Amino acid sequence: MKDYIERIENCAAFLTDFFGTVPSTAIILGSGLGNLANELTDVKSIAYGEIPGFPVSSVEGHSGILSCGKLDGSPVLVMQGRFHFYEGYDMKTVTFPVRVMSRTGVKHLFLSNAAGGMNPDFSVGDIMVITDHINLFPEHPLRGKNLDMFGTRFPDMGEAYSARLTEKAFAIADEAGIRLQRGVYVGSQGPTYETPAEYRYFRIIGGDAVGMSTVPEVIVARHCGMEVFALSVITDLGLEGVVNKCSHEEVQRAAAAAEPRMSHIIKRLAAYCCRN
Ligand code: HPA
């Protein structure tokens, strides 16, 4: 554990030195925001492999680059390429970047992901603001000795997702004529998509959408005291009576179609966080 903390501190010091100052808003780009990094101005980037002690990602389409720049004028730290539990990383590695961000002074964390919808009011291509989650990962990211330097042993999860940022996102979407859904995200380990029975079960326990990421990072971000905002793009549906066949290509296609709408909300929200 001493090694782990040392590695976090070293990465944070390295990045603070590399970037100069690190912005207080960070974005973990998942599906639906994959190209946001291309819109940064005054950008400085570094590959994960060049950050001593930082893990390196392996999934196709997740490039592994950390960038600092301005998004429509607002300074942000952008992480392209996250570490999924299904890839075989342990939870300490999955959440390592969030802890590094915390040590560099990040206060607001935005995340995006692709998810399968089981709320019958949802359509493919919808964007859902995550208002809460159900953690079904088989390993908890805070399991083990508590890292007191980050947060308390038993962190509150009563408002894991910021109510004020959710409200602001709806105001932004309203103004731009973007349809937004809200709901509970079920975090499931993957890598299989859901069986019809699993979809039914996730709906019964209170889920609106299911995906394979986000929950571990959010738990650790909240442990560190960050304010969290997360969006899911609904890329497929698992509804009662509908035979659901889902492919990675289909997920990527639906996520790409949602990108302009997702980006608009994130840009405006980053500006809001800069001011407030
Ligand atoms: N299940 C889990 N993860 C996903 C899904 C899904 O249906 N769609 C996109 N990511």
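Start at 1 and go down the list; that is how both ligands and their atoms are numbered. Bear in mind the structure is a predicted one, so any value in this text is a computation, not a measurement.
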### Query
At the 4.0 Å heavy-atom cut-off, does Gly190 count as touching ligand 1?
no

### Query
Quick one: which of Asp126, Val129, Ile172 gives a side-chain contact (heavy atoms from CB on, under 4.5 Å) with Leu180?
Val129

### Task
Report the residues that fulfil side-chain hydrogen bond (donor to acceptor under 3.5 Å, both in side chains) with Ser213, sequence neighbours left out, ordered by chain and then residue number.
Arg82

### Task
Check each atom of ligand 1 against the heavy atoms of Thr235 and keep those under 4.0 Å away; list them by number with element.
8 (N), 9 (C)

#### Entry: Part of Asp236 within contact of ligand 1 (heavy atoms, under 4.0 Å)
side chain

### Task
Establish, for the pair Arg164 and Phe229, whether the NZ or CZ atom is under 6.0 angstrom from the six-membered ring centre and no further than 45 degrees off its axis.
no

### Task
Tell me which one of Ser232, Ala114, Gly117 gets a heavy atom nearest to atom 10 (N) of ligand 1.
Ala114

### Query
Aromatic rings Phe83 and Tyr48: how do their planes relate, parallel, tilted or perpendicular, breaks at 30° and 60°?
tilted

### Query
Looking at residues at least two apart in the chain, or sitting in another chain, which of them share a ring pair (Phe, Tyr, Trp, His ring centres under 6.0 Å) with Phe14?
none

### Summary
Between Ser45 and Phe18, the two heavy atoms sitting closest are O-CZ, 3.6 Å

### Message
Please list, in number order, the atoms of ligand 1 under 4.0 Å from a heavy atom of Ala115.
### Response
5 (C), 8 (N), 9 (C), 10 (N)

### Query
For atom 4 (C) of ligand 1, which of Tyr193, Phe202, Tyr86 has the closest heavy atom?
Tyr193

### Message
Is the contact between Ser188 and ligand 1 made by the side chain, the backbone, both, or neither, using heavy atoms and a 4.0 Å cut-off?
### Response
neither

### Query
Heavy atom under 4.0 Å from ligand 1: found in Tyr199's side chain, backbone, both, or neither?
side chain

